[in-house]
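My questions all concern the structure below.
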Amino acid sequence: MTILVPVLGDQLSRDLPSLRDADPAETVVLMMEVWDEATYVKHHKQKIALIFSAMRHFAAELGEQGWRVDYVELTDAQNAHSFTGEVARALERHDVDEIRVTEAGEWRVQQMLEEWADRFACAVTILPDDRFLCSHAEFREWAEGRQHLTMEYFYRRMRQKTGLLMTADGKPKGGAWNFDKENRKPPAEGLNPPLRPLFEPDAVTRECITLVEGRFGGHFGSLDRFDWPVTRTQALQAADAFFAQRLELFGPYEDAMLWGQDQLYHSLLSTSINLGLLDPMELCRRAEALYDEGRAPINSVEGFIRQIIGWREYIRGFYWYFMPGLQEANALEAHLPLPEFYWTGETDMACVADCVRSTRENAHAHHIQRLMVLGNFALLAGIDPRQVQDWYLVVYADAYEWVELPNVAAMILYADGGRLATKPYAASGNYINTMSDYCQRCRYDVRQKTGPGACPFNPLYWHFMDRHRDRLEPNRRIGRIYATWDRMSPERQLEYRDSAAAVLTALTPASAEWARDQDGGGA
Ligand code: FAD
Ligand code: DLZ
Ligand code: SF4
């Protein structure tokens with residue numbers, strides 16, 4: 001009896017359902033570096049190097065533990081092209097009775113796995129991925145019949161299900177479900193978070209870096225600094241340092257941004273969690289233990305746990321609930337091409353330039369940079385969701401479609417028409433000014449509302465609100481804003497429209513035409 005167990009690049013967990021109960025004596029583990037996965041979008045160079053290096057380390061560890069691993073390198077004899085092609089070739093090398101695989105994270109890849117039963121002569125078993133807390137069926141059951149899929153209610157259900165931060169009599173620890181109000185501190189003067197451990201590339205990683213430089217040299221991003229954890233041991237060290245040094249202030253400064261400071265109090269654990277090197281529940285239990293021992297405050301611990309069993313699980317459920325339609329969603333009919341500066345960082349907007357710089361150098365930007373700077377600009381300017389989705393999938397080392405797409409289409413662009421967010425996350429420059437020091441370094445004046453020196457987010461905000469008035473005004477959470485707009489004189493409104501048109505015109509010739517068409521639209 002021989003069972004072939006393909007392990008995909010984001011399934012690097014010893015506790016993976018398809019590995020957990022397998023018998024090493026009758027198992028061949030197949031791991032594949034394939035061109036289709038490395039090029040279906042032109043991933044950031046660090047992202048490819050990270051995935052390949054983590055895969056190679058994981059394969060070596062399995063080998064040391066006595067597993068038979070058939071590892072296909074990208075440049076192996078015939079060049080590896082696709083998962084299906086490589087499974088077909090592996091079936092020629094091994095006398096296989098059954099293929100046993102854990103379901104894929106991405107819809108696109110899952111379609112491939114589901115074809116295998118018809119394509120191959122042996123039995124094919126696809127196991128649910130129980131590294132996530134909430135199954136597809138459970139999310140569907142929760143979501144069915146709800147107009148707004150409010151994350152907070154989903155999160156409370158996950159708290160009850162796991163018992164995390166729950167008292168013995170079923171109450172939320174700390175007396176509340178949510179401590180968000182305490183977690184919106186602007187960056188304090190002299191904030192100086194301890195630097196996370198940086199993992200020097202070893203020989204395996206260096207080989208992957210050389211491979212990526214040689215084969216994917218034209219992809220976005222820098223490989224000058226590569227310090228991601230590539231093994232479970234390193235990922236645990238990264239987690240230890242976060243819990244010991246940064247969890248305490250994680251909550252209060254979760255939304256803060258500082259020029260040139262790419263980490264602040266964030267965990268930077270998403271790459272390791274998404275690869276499978278860290279188990280989300282083990283992290284949450286550790287955070288809770290620190291609260292129970294009085295070593296970390298409730299607002300930080302609850303905030304961290306909410307990101308993981310709340311947002312991360314919710315986003316994954318949302319993805320599978322709305323796929324494949326989510327990819328095409330464009331409720332706000334946004335059609336502007338993605339501006340060049342998302343790639344180059346060459347813009348006078350200091351906030352955008354710094355976020356793109358971090359993205360290019362680290363294949364990472366923290367949540368509020370992704371949401372309220374880069375995402376907010378894309379929303380206000382009306383950039384085509386498909387182009388924004390591709391960009392986010394390319395540039396972040398933690399990006400897999402199941403997590404990237406709902407965050408982009410639904411959270412930042414409102415392209416789902418409001419199933420995820422009750423209102424668009426639209427904000428003028430004032431928000432960025434409150435939560436960062438960017439505006440002090442910017443050529444634009446955040447207090448100026450219109451005209452050539454004005455912060456571009458200011459006129460774009462009103463242009464956005466004006467052009468989507470029909471859709472947004474009935475929404476109680478945002479509709480009142482129109483009273484402010486209506487109090488402005490027609491001349492003032494025109495100044496906003498003209499200033500927004502000038503910003504958009506400068507982006508691309510296509511946007512110029514589009515911006516003119518919108519003038520006088522809305523109210
Ligand atoms: P921390 O701030 O330390 O948070 C802890 C953990 O919570 C993260 O590691 C992550 O696992 C989880 N988490 C927090 N917010 C989210 C969220 N909205 N969705 C899912 N998990 C969350 N995260 C990804 O892992 N991959 C992506 O491709 C991705 N794309 C995003 C795109 C946009 C437009 C936005 C607004 C957010 C995106 N996120 C994505 C979520 C979030 O920005 C990152 O998880 C976070 O910045 C990773 O850094 P960290 O580990 O330091 O997170
Ligand atoms: C993102 C990625 C890349 C760049 N390369 C590979 C690869 O060569 N082999 C592999 O097994 N997985 C890779 N991945 C991850 C997959 O594209 C995909 O995101 C996951 O399998 C989730 O379905
Ligand atoms: Fe960004 Fe506007 Fe502030 Fe400049 S002034 S940093 S563009 S928010």
Side-chain angles (χ1 to χ4, degrees), residues 8-12 31 33-58 73-75 105-106 195-232 234-235 237-239 241-242 260-264 266-278 342-345 353-367 369-370 374 389-404 407-408:
L8 308 180
D10 58 351
Q11 298 184 336
L12 309 182
M31 296 184 68
E33 295 173 6
V34 294
W35 283 96
D36 284 5
E37 296 307 311
T39 56
Y40 78 95
V41 291
K42 294 175 113 191
H43 308 278
H44 193 299
K45 291 196 275 271
Q46 275 189 44
K47 179 180 175 186
I48 306 180
L50 169 66
I51 293 174
F52 285 6
S53 175
M55 285 174 65
R56 290 181 187 196
H57 280 96
F58 187 71
E73 290 194 3
L74 188 78
T75 49
E106 299 185 341
L195 188 62
R196 69 188 191 281
L198 305 176
F199 299 95
E200 186 76 10
D202 65 3
V204 174
T205 302
R206 285 200 302 275
E207 204 174 297
C208 294
I209 290 175
T210 306
L211 173 74
V212 170
E213 267 164 353
R215 304 284 171 147
F216 308 105
H219 286 206
F220 173 78
S222 162
L223 270 168
D224 295 347
R225 277 205 324 236
F226 182 104
D227 44 42
W228 293 109
V230 293
T231 62
R232 175 161 165 80
Q234 290 183 341
Q237 285 166 11
F242 168 69
Q261 286 225 31
D262 302 338
Q263 168 210 291
L264 290 172
H266 292 275
S267 71
L268 271 89
L269 295 177
S270 56
T271 56
S272 302
I273 302 172
N274 293 351
L275 284 166
L277 301 177
L278 293 176
Y342 274 80
W343 300 110
T344 61
D354 193 54
C355 295
V356 174
R357 177 204 51 75
S358 174
T359 303
R360 192 178 51 242
E361 287 176 5
N362 309 315
H364 191 271
H366 57 77
H367 185 67
Q369 296 176 313
R370 296 188 204 194
L374 300 166
Q389 286 155 24
D390 279 357
W391 185 82
Y392 275 91
L393 189 56
V394 163
V395 301
Y396 293 117
D398 58 22
Y400 301 86
E401 192 188 70
W402 68 264
V403 54
E404 166 273 323
N407 272 301
V408 172

Point to revise | Under 3.5 Å: donor-acceptor pair, side chain of Lys45, backbone of Phe216 | key: no

Point to revise | Arg196/Asp262 salt bridge by N-O under 4.0 Å criterion | key: no

**Study point:** Pair Asp390 + Lys42: basic N to acidic O under 4.0 Å
**Key:** no

**Study point:** Euclidean distance, Glu213 CD relative to His219 NE2, rounded to 0.5 Å
**Key:** 13.0 Å

Exercise for review: State whether the side chain of Gln11 and the backbone N or O of Leu8 hold a donor-acceptor pair below 3.5 Å, judged by distance alone.
Suggested key: yes

Exercise for review: Would you check if Leu50 and Leu275 make a side-chain contact, meaning some heavy-atom pair closer than 4.5 Å?
Suggested key: yes

Check your understanding: Can you name the closest pair of heavy atoms from Lys47 and Val394 and give their distance?
Key -> CD-O, 4.2 Å

Review point. Is any side-chain heavy atom of Arg56 less than 4.5 Å from a side-chain heavy atom of Cys208?
Key: yes

Check your understanding: Rounded to the nearest 0.5 Å, how far apart are OG1 of Thr205 and CD of Glu200?
Key -> 10.0 Å

Check your understanding: Any idea how His266 and His366 line up, ring-wise: parallel (<30°), tilted (30 to 60°), or perpendicular (>60°)?
Key -> parallel

Check your understanding: If every non-hydrogen atom of Ala38 is compared with every non-hydrogen atom of Phe52, which pair is closest and at what distance?
Key -> CB-CZ, 4.4 Å

Review point. Do side-chain atoms of His44 reach the backbone of Arg360 as a donor and acceptor pair under 3.5 angstrom?
Key: yes

Practice item. Can you see which heavy atom on Ser267 is nearest to which on Phe242, and at what distance? Key: CA-CD1, 3.5 Å

Practice item. Give the C-alpha distance, both sets of side-chain angles, the deciding distance and a yes or no for side chain to side chain contact (heavy atoms under 4.5 Å, CB included) between Asp398 and Val403. Key: CA-CA 9 Å; Asp398 58 22; Val403 54; over 6 Å; no

Point to revise | Atom pair OG (Ser222) and CG (Asn362), whose distance is rounded to the nearest 0.5 Å | key: 8.5 Å

Review point. Are any side-chain N or O atoms of Glu106 and backbone N or O atoms of Glu401, one a donor and one an acceptor, separated by less than 3.5 Å?
Key: yes

Point to revise | Closest approach of Leu277 to Arg232 (non-hydrogen atoms, all atoms of both residues) | key: O-NH1, 3.0 Å

Review point. Under the 3.5 angstrom rule, does the side chain of Glu207 hit a backbone N or O of Ala203 as a donor-acceptor pair?
Key: no

Review point. Do the side chain of Tyr392 and the main chain of Arg370 share a donor and acceptor less than 3.5 angstrom apart?
Key: yes

Check your understanding: Roughly how far, to the nearest 0.5 Å, is the CD1 atom of Ile273 from the CG atom of Asp10?
Key -> 13.5 Å

Check your understanding: Looking at side-chain heavy atoms only, is the closest gap between Thr75 and Leu211 below 4.5 Å?
Key -> yes

Point to revise | Interatomic distance, Leu12 atom CG to Leu278 atom CG [nearest 0.5 angstrom] | key: 11.5 Å

Point to revise | Residues Asn274 and Ser270: side-chain donor-acceptor under 3.5 angstrom | key: no

Practice item. Measure from the side-chain N and O atoms of Trp228 to the backbone N and O of Thr271, and report whether any donor-acceptor pair falls under 3.5 Å. Key: no

**Study point:** Derivation of the side chain to side chain contact (heavy atoms under 4.5 Å, CB included) call for Leu374 and Trp391
**Key:** CA-CA 11 Å; Leu374 300 166; Trp391 185 82; 3.8 Å; yes

Review point. Can we call the ring centroids of Phe220 and Trp343 under 6.0 Å apart?
Key: yes

Practice item. Could you walk me through whether Leu223 and Val212 pass side chain to side chain contact (heavy atoms under 4.5 Å, CB included), step by step? Key: CA-CA 9 Å; Leu223 270 168; Val212 170; 3.9 Å; yes

Point to revise | His43 and Tyr40 aromatic ring geometry - parallel, tilted or perpendicular at 30°/60° bounds | key: perpendicular

**Study point:** Tyr396 backbone acceptor or donor facing Thr359 side chain under 3.5 Å
**Key:** no

**Study point:** Shortest non-hydrogen separation from Ala238 to Pro197 and the atoms involved
**Key:** CA-CG, 4.1 Å

Check your understanding: Judged by atom type as modelled, is there a donor-acceptor pair below 3.5 Å linking the side chain of Glu33 to the main-chain atoms of Leu74?
Key -> yes

Practice item. State, to 0.1 Å, how close Phe226 and Ala49 come at their nearest heavy-atom pair, and which atoms those are. Key: CE1-CB, 3.9 Å

Practice item. Without swapping roles, check the side chain of Gln46 against the backbone of Arg225 for a donor-acceptor pair under 3.5 Å. Key: yes

